[in-house]
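What follows is a set of notes on a single structure, which appears directly below.
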2 protein chains.
Amino acid sequence: MVAALAGVSRSTVSRVVNASPRVTPGAISAVTAAIETLGYVPNQAARSLASRKTYTIAVIIPENTAKFFSDPYFASVIHGVATHLGNTEYTLTLLIASEAHPEKTRRYLQGGSVDGALILSHHADDSSYLQLSSTLPVVFGGRPMSNTRPADAGPVPRNHIVDVDNVAASTTATRYLLEHGRRRIATIAGPQNMAAGFDRLVGWRAAIAETAQNPDLVAFGDFTPPGGESAMRELLARGESFDGIFIASSQMAFGALRVLREHGISVPGDVAITTVDNDYFAQNSTPPLTCIEQPVAELGVEIAQTLVRLINGESVAELSVMPTRLIERESV
Amino acid sequence: MVAALAGVSRSTVSRVVNASPRVTPGAISAVTAAIETLGYVPNQAARSLASRKTYTIAVIIPENTAKFFSDPYFASVIHGVATHLGNTEYTLTLLIASEAHPEKTRRYLQGGSVDGALILSHHADDSSYLQLSSTLPVVFGGRPMSNTRPADAGPVPRNHIVDVDNVAASTTATRYLLEHGRRRIATIAGPQNMAAGFDRLVGWRAAIAETAQNPDLVAFGDFTPPGGESAMRELLARGESFDGIFIASSQMAFGALRVLREHGISVPGDVAITTVDNDYFAQNSTPPLTCIEQPVAELGVEIAQTLVRLINGESVAELSVMPTRLIERESV
DNA sequence: CGACTGGGAGGGACCGCTCCCACGAACGGC
DNA sequence: GCCGTTCGTGGGAGCGGTCCCTCCCAGTCG
């Protein structure tokens, strides 16, 4: 191996590879030369077996990849994560969790293949991840879902969370409609088994509660354009009129807009819209949408930073809430 | 450890964990019980060090994640890959390649962390991956780019490729416009450093070459909606008229449509459109687009299958070309 | 000039698992 | 009843690193 060619011991090779300060320049150059000619790459398995470190971090993503991938939100957050991790010694890996074979994911995570895990967009359904942090450093991007509800099986370990205040954000977006003279405000809410869906409906309700309106103008979508379409169709089919609507994601808003256009309903003339996520859809629909912007990239950075600190054993705040801001466009 | 609690040797534990047939039912139940009470998860590093297998496969994705994620094509292909791998013992991992620190990716891939790698959408720029297959089983989803050009540094090892015939597909799509009476056919081509972009332009040229048309009605985009927008603006700004256009991706077509609408140019009245990728954009734009459909999920399955066979040392065809088909809609 | 000091290099145990080999018991055939 | 098989099990040698401990040698000081 390398040690023989360089004429030194394995210990010295290890020191050179790990940039230990106490090595003679001569030894360093001999070893690097040997590494070069041999095309040597240290075996990660052996290394992590001995050192109990892998320097890789996993982002766990649900198997139903289509939804995950198509949402610019995740792309941006992951970009933020990757950016931060790029400056560290950690490698980022996205782990596709096969729902049919959860033990594969478990083996990977608990078998020491990674130093820590990131969970974005947690569903109420996969409660397994709530326990993960007792085995492994874990950070949730967005509050995990069961925290709203009583723990069903044993105590849930304290989880580290980086989130935005979805309730406040949607209250703001809904009030904005009211402040601009709209009186009957509907909403298209997201999936109720995800915090972003749940909390944004809570926020809408909070704003509506301050008015005399009957809070029943709700339809549900799955955060995708087709989901927004069918939710809007459902809302229109009910025959109740509304002059403003808060839509829980710009992708749904995009789908909903198509339906409004079909029905000859003008925006913002007949119906004003506010939504969440300042992405391509919000910026480029007709008209461009007034929306709540989340600091997506910063969110990613913060999540990554939190996890790395956790791995290093530093003490980190359990909850970090990032600010949002409202961007005014032509849809109101 | 587990062996002590179960009252057997480590060898027997290993046999049980690896489902070896030659173990007494009694021993099996004793070991599984011990595993259960101890919450034992085998250490992957130790295991892969000893067995030289990791049972994980990486999809390498370029750092500029935004483009990658937002393209439904990748989501579908990866879904296909994940589906196939879900039925095997392999775990799928997406490796975000930090371009600023290529050695991190190299260590991960060549350091024995994975049994094989998948490369989707290879750019001409990252030639490093062309050599990867001499170290590791590798399959390219879509022909790697330098294959068109003379090797610049040493011999390129033979790479396994799963692809669609992009040239034929775009020729078909362009001819379709001609067959429907269009006479001046433009194109919005994709990035020329990617095979999908390059080949689709070649295909368009091939169809145009059969006509008397001057083949200069080309603008370039980056496969995204904004890219399609600016390409269309550029095309219109040139002042040359055209009554048909082949757009190399439906996302670009989506952006281009916005511009046509702005300019009051009707589709298909004034300009007919064909494109590639039967995704949400093609199906839901106004009007819905005639397009070439790629068998995206099947492509993923085929890619995964090929890689697993390669890892198992089976002999596999170096090139597998999947069929495409044209779907007629209202844009022509 | 000898003893002390400290930094660089080597030796070997060990990380947790796999896998080969050897051992012993049970069983069947002659 | 003895020997040859077969099958389950245990023992031990690695896999390729890390890291602690020891050793050696050169430089310094009394």
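Chain identifiers are assigned alphabetically (A, B, ...) following the order of the sequence lines, protein sequences preceding nucleic acid strands; residue numbering begins at 1 within each chain.
Regarding A:Gln110, its CD atom lies at a distance of 14 Å from the P atom of C:dC17, rounded to whole Å. In this entry the distance linking CD1 of B:Ile28 with C1' of D:dT9 reads 13 Å, nearest Å. We find that CZ of A:Arg10 is positioned 12 Å from C1' of D:dG14, with the value rounded to whole Å. C:dC19 atom P lies 15 Å from atom CZ of B:Arg22, rounded to whole Å.
On a pure distance criterion of 3.5 Å, a polar donor-acceptor pair joins the side chain of B:Ser11 and the base of D:dG11.
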Inset, instruction - Report the C-alpha distance between B:Tyr90 and B:Leu307 in whole Å, list the side-chain angles of each, state the deciding distance to 0.1 Å, and finish with yes or no for side chain to side chain contact (heavy atoms under 4.5 Å, CB included). - result: CA-CA 11 Å; B:Tyr90 290 92; B:Leu307 184 58; over 6 Å; no
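Between the side chains of A:Ser11 and A:Ser14, no donor-acceptor pair of N or O atoms lies under 3.5 Å. Residues B:Glu302 and B:Ser320 have side chains that bring a donor and an acceptor to within less than 3.5 angstrom of each other. Side-chain polar atoms of B:Asn18 and B:Arg47 form a donor-acceptor pair below 3.5 angstrom. A:Ser29 and A:Thr32 form no side-chain donor-acceptor contact under 3.5 Å, judged by distance and modelled atom types alone.
Checking the phosphate oxygens (OP1, OP2) of D:dC15, no side-chain nitrogen or oxygen of A:Asn43 falls inside 4.0 Å. Residue A:Thr12 places at least one side-chain N or O under 4.0 Å from the OP1 or OP2 atom of C:dG10. Contact between the side-chain N/O atoms of B:Thr24 and the OP1/OP2 oxygens of D:dT9 is found at a separation under 4.0 Å. Residue A:Ser9 has a polar side-chain atom (N or O) positioned under 4.0 Å from OP1 or OP2 of C:dG10. At C:dC19, none of the side-chain N or O atoms of B:Arg15 fall inside 4.0 Å of OP1 or OP2 (strictly under the cut-off). One finds a side-chain N or O of B:Ser14 lying less than 4.0 angstrom from the OP1 or OP2 phosphate oxygen of C:dT18.
Backbone-only contact: B:Val8 has heavy atoms under 4.0 Å from sugar-phosphate atoms and none from a base. Across all strands shown, A:Ala45 has no heavy atoms under 4.0 Å from either base or sugar-phosphate atoms. Counting any heavy atom pair closer than 4.0 Å across all strands shown, B:Val23 reaches sugar-phosphate atoms only and no base atom. Using a 4.0 Å heavy-atom criterion, one finds that A:Val13 contacts no nucleic acid atom at all.
With the nearest nucleotide of DNA chain C identified for both B:Val17 and A:Ala46, A:Ala46 has the one nearer the 5' end.
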